[in-house]
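Along the sequence shown, the residues carry numbers beginning at 1. Each ligand, and each atom within it, is numbered from 1 in the order the structure gives.
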Amino acid sequence: MEFKNKISEVLQNSLNSIEIERLQDNVGYRCNMACKHCHVSAGPGRTEMMEKDIVDQVLDVLKKHEIRTLDITGGAPEMNPHFTYLVTAAKKEGCHVIVRSNLTIFFEKGFEHLPEFYQEHDVEITASLPYYMNSSVDRVRGDGTFRKSIEVIKRLNSLGYENGNSEKKLNLVYNPSGTFLAPEQKSLEEDYRRELAAQHEITFNHLFTFSNMPIGRFKDHLDKTGSLGKYLKTLEDSFNPCTLDALMCRHLISVGWDGYLYDCDFNQVLGLHINDSCPQHIRVFDHEFLKAREISVGNHCYGCTAGQGST
Ligand code: SF4
């Protein structure tokens, strides 16, 4: 069944926004890595990058509206030349700032100082660590990634990023390494906590589990291996109506590198714009209008509603 029809059947309505609690800002698709599961298909060769005038329009929206969280993503968002300016200015506006970091960026020339920058500005870090064992991580993200990630987490721990510190949060993200759904978040978080403490003496705040979305580089992999249809069926068969209230599209708005607005980062990658009746660009942002919008959906949305959800 089409996802749109499934929603009509369950909600007796379309999928609508509940509130805009957070602005998710994709500042560009360039990345120092090229992970197999990346829904953005980010990599060193990508050239899309948010320019300073769009960064300023994002800051203007934060200044004028009651949106108190800025969630910065990419690519490796740190590679945008205006990244530290954006973080510093958003903090001055009193916003809570979250950065989706791949952690390995701190090993690249010119980015070594960022852990201290994050510490100084109380930036919350959400970092991909697809498993607590080396082999699974390196297979998905490239040789040496696990070792580098552990080294950086140790450094962040020493800067105060550790379990229980509400000012300096470090969250990890699990992705399945194949075409199966993420396990139950709480029990996997306990496994991560126990194993990472025992093997590497590191801590973190929370673990988030996400199923792989059937888009971007992961979709290419599904196409190549002839498993796209089977995976989509798994997602559809695992539809869980209890996930609907917390869907991220109902609580945030996503800004693309060129300033266009989307319901989420996934729709952005697919070029599925916010619905036609809404203002389409950050320069004409209208909070009242956007917070009551109908969300643009497609069958990839089953990736967010499968099992315990991916939000
Ligand atoms: S992909 Fe997920 S977050 Fe995006 S619109 Fe669909 S359900 Fe919402």
Inset, instruction - Name all residues meeting the side-chain contact (heavy atoms from CB on, under 4.5 Å) criterion together with Ile18; count only those two or more places apart in sequence or in a different chain, and write none if there are none. - result: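 With sequence neighbours excluded, Ile18 shows a side-chain contact (heavy atoms from CB on, under 4.5 Å) to Arg250, His251, given in chain and number order.
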Inset, instruction - Measure from atom 2 (Fe) of ligand 1 to each N, O or S atom of Cys304 and report whether any distance is below 2.8 Å. - result: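 Short answer: yes, at least one N, O or S atom is under the cut-off.
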Inset, instruction - May I ask you to say whether Arg283 pairs ionically with Asp53, meaning some side-chain N is under 4.0 Å from a carboxylate O? - result: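 No, no charged N to carboxylate O under 4.0 Å.
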Legend entry - Non-hydrogen atom of Asn267 closer than 4.0 Å to ligand 1: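 In this structure, Asn267 qualifies as a contact of ligand 1 - some heavy atom is under 4.0 Å.
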Ligand 1 contact on [X] by region, counting heavy-atom pairs under 4.0 Å:
X      : answer
Leu15  : neither
Cys264 : side chain
His300 : side chain

Are [X] and [Y] linked by a side-chain donor-acceptor pair shorter than 3.5 Å?
X      : Y      : value
His300 : Asn267 : yes
Asn240 : Gln308 : no
Glu124 : Tyr161 : no

Legend entry - side-chain contact (heavy atoms from CB on, under 4.5 Å) assessment of Tyr174 paired with Phe210: CA-CA 6 Å; Tyr174 162 91; Phe210 291 88; over 6 Å; no
Legend entry - For Met248, atoms of ligand 1 separated by under 4.0 Å from a heavy atom: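 Taking each heavy atom of Met248 in turn, ligand 1 has 3 (S) under 4.0 Å.
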Legend entry - N, O or S atom of Cys249 closer to atom 8 (Fe) of ligand 1 than 2.8 Å: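 Yes.
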